[in-house]
Number of protein chains: 2
Amino acid sequence: MLGSVVEDYLKGIYKLQQEHGRVPTSAVAQRVGVTDASATNMIKRLAELGLARHHPYRGVELTEAGEKVALEVIRHHRLIELYLKEALGYPWDQVDAEAERLEHHISEEFEDRIDAALGHPTVDPHGDPIPSKDGTVDDEYLPRLTDLQPGERAVIRRVSDRDAERLRYLAQLGLYPGVAVYLRERAPFNGPLFVRVGDTEHVLGHDLAATIGVEQRRDAEPAPAER
Amino acid sequence: MLGSVVEDYLKGIYKLQQEHGRVPTSAVAQRVGVTDASATNMIKRLAELGLARHHPYRGVELTEAGEKVALEVIRHHRLIELYLKEALGYPWDQVDAEAERLEHHISEEFEDRIDAALGHPTVDPHGDPIPSKDGTVDDEYLPRLTDLQPGERAVIRRVSDRDAERLRYLAQLGLYPGVAVYLRERAPFNGPLFVRVGDTEHVLGHDLAATIGVEQRRDAEPAPAER
DNA sequence: GGCTCTCTTTAGACGAGACTAAAGCTCGCC
DNA sequence: GGCGAGCTTTAGTCTCGTCTAAAGAGAGCC
Ligand SMILES: [Mn+2]
Ligand SMILES: [Mn+2]
Ligand SMILES: [Mn+2]
Ligand SMILES: [Mn+2]
């Protein structure tokens, strides 16, 4: 068994390298919430364990083995998040903190049972894909709300779960995965977006809108809300 | 926050002192699964934290503060055990191992939600009482199956959860809390007991029967006359 | 080609917990 | 009342993961 600290490093490195390939030490440190020296230290340990390759002075990348562990942890995390919401009624801005700890301490048995209880789900409450048990994820890039043109319709597919405050705000506005939206207008120079949800219109700042992944709806009639 | 190791020591000491008052170092060590030296070490640390009183060469006892923590952990443990069984369908011989880890990593929020989902239960799957949130337990001594006389009836109230193997055996025999039993006969000199459950009769070794807590039923129909 | 700023790594230390080996108490037994 | 057996405690190490301070690499700029 690998210790929850190691698991969190692997998860952090995995997510960072999804976006930018090889990951600088300082990025790992920042992600995990630790000094650069501590990150260097752990990176060397991961390399010794065969979980990462360390390229001194130019970052880390996970090995196959490291990625596999990272995906297992992410699977745990997202299954737990969904379970907390669906089975225990957690609000979606609280599931991440709880899952962050539990992900390291559940058994395969527990994983399998909540997976079954949820009907073998494929996405978590924020729309993040749940890796399969054999370690594959379908994590393709989604267009953002900011990629839409005025007059276009879309369905929200994914929101960032990095900030509970923001999740609470989005929930208040009714902006969850599965919800159909219509972009009425957008101000120029990365200004705010005017977005309709049902029959109310919200004004969203550009940065916030850029964190919302959507699936475009080209058909004219209003897309049926999926939830 | 106290670290799961400290919590397990406190829980262990609490259970030992329930039975025998002040607890010898070696008993703590054995319970926690650690050498005597390690136990001494931790006991001193607990004393410094104000959680225990160390009487060198003559054992430990918990302070009020230590007992409070122990009871919180035990509450977590037993709620989790029951939740695993009731909500996720775990067999009762597997709940202890899972709860042993999770008990240290759930939030108060989680505790409250599973408590509510279970309808504020008072006993766990093995019949052990669940401490209340304010730190009180109703843990009175129950007579054992071995305290019954031939011809007496009783209801099983509690079994020991220390051994998964034994739990599996008891489950196979249908001997759970809540089940009514009838002691037909017992062999002398701590010999086996002949116990009826429903309309089948089982032969139980004395040691096994001594781990089963029962509530006597005096109101039942008079024992078959034996003259 | 060299300087300098920034990022990264090394060095040294610390706390939590564990272990082994050795020394120190207790207590029962003679 | 003294001895030895068996607990218990001390002493010294180890691993994991963290930190601060100092030293080392790299890359852009002159
Ligand atoms: Mn985590
Ligand atoms: Mn998520
Ligand atoms: Mn435990
Ligand atoms: Mn139990």
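Only heavy atoms go into these numbers, but all of them, side chains included; no hydrogens, no water, no symmetry mates. Just so we're on the same page: letters track the sequence lines, and every chain starts at 1.
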Non-neighbouring partners of His104(A) that pass ring-ring contact (aromatic ring centres under 6.0 Å, His included), sequence neighbours left out: none
Touch class at under 4.0 angstrom, heavy-atom based, for Ser38(A) against every strand present: base
Along DNA chain D (nearest heavy atom to each residue), the more 5'-positioned of Tyr57(B) and Ala37(A): Tyr57(B)
Thr63(B) side-chain N/O to Gly50(B) backbone N/O, donor-acceptor pair under 3.5 Å: yes
Spacing between Gln30(B) atom CD and dC7(D) atom P, to the nearest angstrom: 11 Å
Atom-pair distance (CG on Leu46(B); C1' on dA16(C)), nearest Å: 12 Å
Parallel, tilted or perpendicular: rings of Tyr83(B) and Phe110(B) (30°, 60°): perpendicular
Phosphate OP1/OP2 of dT8(C): any His54(A) side-chain N/O under 4.0 Å: no
Residues Arg186(B), Glu152(B): salt bridge by 4.0 Å N-O rule: no
Nucleotide dT8(C), atom C1' - distance to CD1 of Ile43(A) in whole Å: 10 Å
Lys44(A) vs dT8(C): side-chain N/O to OP1/OP2 distance below 4.0 Å: no
Interatomic distance where CE belongs to Met42(A) and P belongs to dT15(D) [whole Å]: 15 Å
Tyr9(B) side-chain N/O to dA18(C) phosphate OP1/OP2 under 4.0 Å: yes
5' priority, DNA chain D, between Arg58(A) and Val32(A) [closest heavy atom]: Val32(A)
Value in whole Å for how far the C1' atom of dC19(C) lies from CG of Asp36(B): 12 Å
Met1(A) CE - dC16(D) P separation (whole Å): 15 Å
Minimum-distance nucleotide to Thr35(A) side chain [options: dT9(C), dC19(D), dT9(D)]: dC19(D)
Touch class at under 4.0 angstrom, heavy-atom based, for Ser26(A) against every strand present: sugar-phosphate
Heavy-atom closest pair, residues Leu10(A) and Ala70(A): O-CB, 3.7 Å
Spacing of Asn41(B) atom CG relative to dT13(D) atom P, expressed in whole Å: 16 Å
Side-chain N,O (Thr25(B)) to OP1/OP2 (dC7(D)) below 4.0 Å: no
Selected nucleotide, minimal atom distance to Thr40(A) side chain, candidates dT18(D), dT10(C), dT8(D): dT10(C)
Shortest side-chain distance from Val34(B), nucleotide among dC19(C), dT26(C), dG26(D): dC19(C)
